[in-house]
Asker: 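My questions all concern the structure below.
Heavy atoms only: backbone and side chains are in, while hydrogens, waters and symmetry mates are out. First listed ligand is number 1; within each ligand, the first listed atom is number 1.
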Amino acid sequence: MNIEPYRQILTRYWGFTSFKPLQEEIIRSVAEGKDTLGLMPTGGGKSITFQVPALAHDGICLVITPLIALMKDQVSRLNSLEIKSIAIHSGMSGEEIDIALENAIYGDYKFLYVSPERISTRIFQAKVSKLDLSLVAIDEAHCISQWGYDFRPSYLKIATLRDHISDKVPFLALTASATPQVIDDIMSKLAFRGKNVLRTSFDRKNISYLVRKVEDKGTYLVKTLQKAKGSGIVYVRSRKRCKEVAELLVANGISADFYHAGLPDELRDKKQASWAEGETRVIVATNAFGMGIDKAEVRFVVHWDIPDSIENYFQESGRAGRDNKPAFAVLLYSQADKNRLFESMRKKFPPVDKIKDIYEALCNFLQVPLGSGKDNVFDFNMSDFVSRYRLPVIETYNSLQFLQREGYLEFTEEINNPSRIHFTVGRDDLYKFQVANEAFDGFIKLLLRSYTGMFSGFVPVNEDALSRKSAATHDTVYQYLVKLSTLNIIRYIPGKKTALVIFTEERLDRRALLISPDNYLHVKEKYEIRLNRMIEFAESDNRCRSMILLDYFGEESDRCGICDVCRKRNELDLSKYEFDLILEEIKTVLGEKSPDAEELVKLIDFPEDKVIKVIRWLLDHKKILSDNEHKLSWCQKTE
Ligand code: ADP
Ligand code: MG
């Protein structure tokens, strides 16, 4: 296969002259028609691996991706490159979805983005077979694994697509975080025709991972950031803390701002842009910050709170040093954090009865009668819901997560849907209407001047922009649109911002609602394992941090030499090689007897000063213990 045409597409549309590591291999594999699983860390350039082949081949590429905001972002980016793309998600009306699918079938589109919960719907299944598909790309493919950290049951339905499409169409699954177990799960749940995994190393050689055990995090952070250079991110757990920490930094002369999902969109965009352009040096944020961030020169990522999985930690800290220059990932950790983590775990797993209570409250809130509701989409305001039924927020949120896990419903992040219009009459009839209704003529001309594509489908419009252009008030513009809509000239869907709940099953009676205890316990157990691996990372003081992370993702590696653990060893002025040899010998000796330090030194066949350094290091790091009589023994616990 000749890669050159693919490379030309990369250059023509994106302006890049060469592929990043693995992009070419994935593209080759897909071009050969093979089902492929591509593993690359965040920022590795996964999107290109389905976008370029889709442009090189005839037909349309179906892209499945869970985050609607991200989906819209990609679609508008592609469209701005003049690549015809379209999205289908639950925030759209049935009519819009219908039109979008028709367009995808007949309108020579290159990309159809769809959110996973749409795949099993009747309308989608009916129409997907009519698409001239070139490729099915599954982004965030780890969502298919029940044992992963972000399971979405609707992903399990993806394989059913194979019943409706040609078996020549390859599946390309992509993810940034896959443990060996999840990797296998992805291929089997997507019914891969053969195992085929391509991966880049997850080794981020330019990142120094540091764990700081500090009680007074504020003082430590201020001191560190006063010394550090360049721009960075501080992740914190709560919105409240976000603001507090930013204020603390500002009070100490550090340029900083805060960011979380509770802020209005425009303000968030402004804060993000100001940080991206370097006007704000430090952004203090919750994990809502990160989507679509493309800043290469991030010198540090600090975690004020410990995340609940290595996947999350790796993804967030990985935003540092995309420019491949030295960068720091610092985790602030105190003993209290550990307790807090386990406490929050209890909230993550509400008792089954509680989950059922919340299910019933939700059905009542949304007025879903028993036995109905399947495939219905509801606007959902969480804060109205919890205040109406006096529910605790976190438990409610986690109960909904559980109901989602069990496949009863899906719920989306808040989606910001702009207003949309669609001309339901053709150009000729519109013209006749304008002639007959002079009062609307000016406004219709304004619409036609401002937007294109309104005859073939729904197009986002902005009432404010229209009002500025026409010097009419916002309300007048709105009235015009409503009137044109009642006259059946346009279809008008006013914009709104909301989260959605989608019932994937009809409402069940409380007794029939099954929260399988096995499933529940198993999920809890897996969660706890992930939590413990994260704590291990934070508490370990004798294993290279980078090795711990890579080991988690099933990758073998050498010590990085730049994390805090490696740095301490470097101070010993021993080569890694010498250190390891001496350590091995000590371990062997202590496996057989319990000498004191002086005896031990004599038993090891290395220069005395070096052996003493290693023994001291091992004692400092509690890898060996000294009893009352100064006899040494290997500490099993820290192994
Ligand atoms: P991922 O999905 O793996 O997190 P993205 O697809 O969002 O990564 O790409 C990350 C960044 O890398 C984007 O800014 C993208 O434009 C850039 N990128 C992708 N491919 C290349 C390439 N071949 N050369 C240079 N930059 C690239
Ligand atoms: Mg991506």
Asker: Do any N/O atoms on Q23 end up under 3.5 angstrom from N/O atoms on ligand 1?
Answerer: yes
Asker: Between Y209 and F328, does the ring centroid distance fall short of 6.0 Å?
Answerer: no
Asker: Looking at R199 and E555, is there a salt bridge between them, counting it only when a charged N and a carboxylate O are closer than 4.0 Å?
Answerer: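 Here E555 pairs with R199 in a salt bridge, since their nearest N and O are under 4.0 Å apart.
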Asker: Considering only heavy atoms of S47, which atoms of ligand 1 have at least one such atom less than 4.0 Å away?
Answerer: 2 (O), 5 (P), 6 (O), 7 (O)
Asker: Any Lys/Arg nitrogen of E32 or R28 sitting under 4.0 Å from an Asp/Glu carboxylate oxygen of the other?
Answerer: no
Asker: Can you check whether H57 and Y6 have ring centres sitting under 6.0 Å from each other?
Answerer: yes
Asker: Under 6.0 Å from the six-membered ring centre of Y259 and within 45° of its axis: does the NZ or CZ of K271 meet both?
Answerer: no
Asker: Would you call E96 and R420 a salt bridge, using N to O less than 4.0 angstrom?
Answerer: yes
Asker: Looking at atom 23 (N) of ligand 1, what's its closest protein heavy atom, distance included?
Answerer: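 Nearest neighbour among protein heavy atoms for atom 23 (N) of ligand 1, to 0.1 Å: S18 O, 2.9 Å.
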Asker: Within the 4.0 Å heavy-atom shell around F19, which atoms of ligand 1 are there?
Answerer: 23 (N)
Asker: Among all the protein's non-hydrogen atoms, which is closest to atom 24 (N) of ligand 1, and how far away is it?
Answerer: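 The closest heavy atom on the protein side is F16 CG, 3.4 Å.
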Asker: Any ion pair linking D35 and R162 (charged N to carboxylate O, less than 4.0 Å)?
Answerer: yes
Asker: So, does A176 sit close enough to ligand 1 that a heavy atom of it is under 4.0 Å from the ligand?
Answerer: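 False for this residue.
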Asker: Check step by step if ring pair (Phe, Tyr, Trp, His ring centres under 6.0 Å) holds for Y313 and F537.
Answerer: CA-CA 10 Å; Y313 179 69; F537 172 86; 5.2 Å; yes
Asker: Look at K127 together with E102 and state whether they make a salt bridge at an N to O cut-off of under 4.0 Å.
Answerer: yes
Asker: Hey, is ligand 1 close enough to G43 that some N/O pair sits below 3.5 Å?
Answerer: yes
Asker: For ligand 1, which atoms, with element, lie under 4.0 Å from some heavy atom of T42?
Answerer: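 In order of number, 4 (O).
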Asker: At what distance is the nearest protein heavy atom to atom 11 (C) of ligand 1, and which residue and atom is it?
Answerer: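 Nearest neighbour among protein heavy atoms for atom 11 (C) of ligand 1, to 0.1 Å: D294 OD1, 3.9 Å.
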Asker: By number and element, which atoms of ligand 1 are closer than 4.0 Å to a non-hydrogen atom of I48?
Answerer: 19 (C), 20 (N)
Asker: What's the shortest distance from atom 3 (O) of ligand 1 to any protein heavy atom, and which residue and atom give it?
Answerer: K46 NZ, 2.8 Å
Asker: Within the structure, does G45 bring an N/O atom to less than 3.5 angstrom of an N/O atom in ligand 1?
Answerer: yes
Asker: For atom 12 (O) of ligand 1, grab the closest protein heavy atom and report residue, atom and distance to one decimal in Å.
Answerer: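 Answer for atom 12 (O) of ligand 1: K20 NZ, 3.5 Å.
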Asker: For ligand 1, which atoms have a heavy atom of P41 less than 4.0 angstrom away?
Answerer: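 With P41 as reference, the close atoms of ligand 1 come out as 3 (O).
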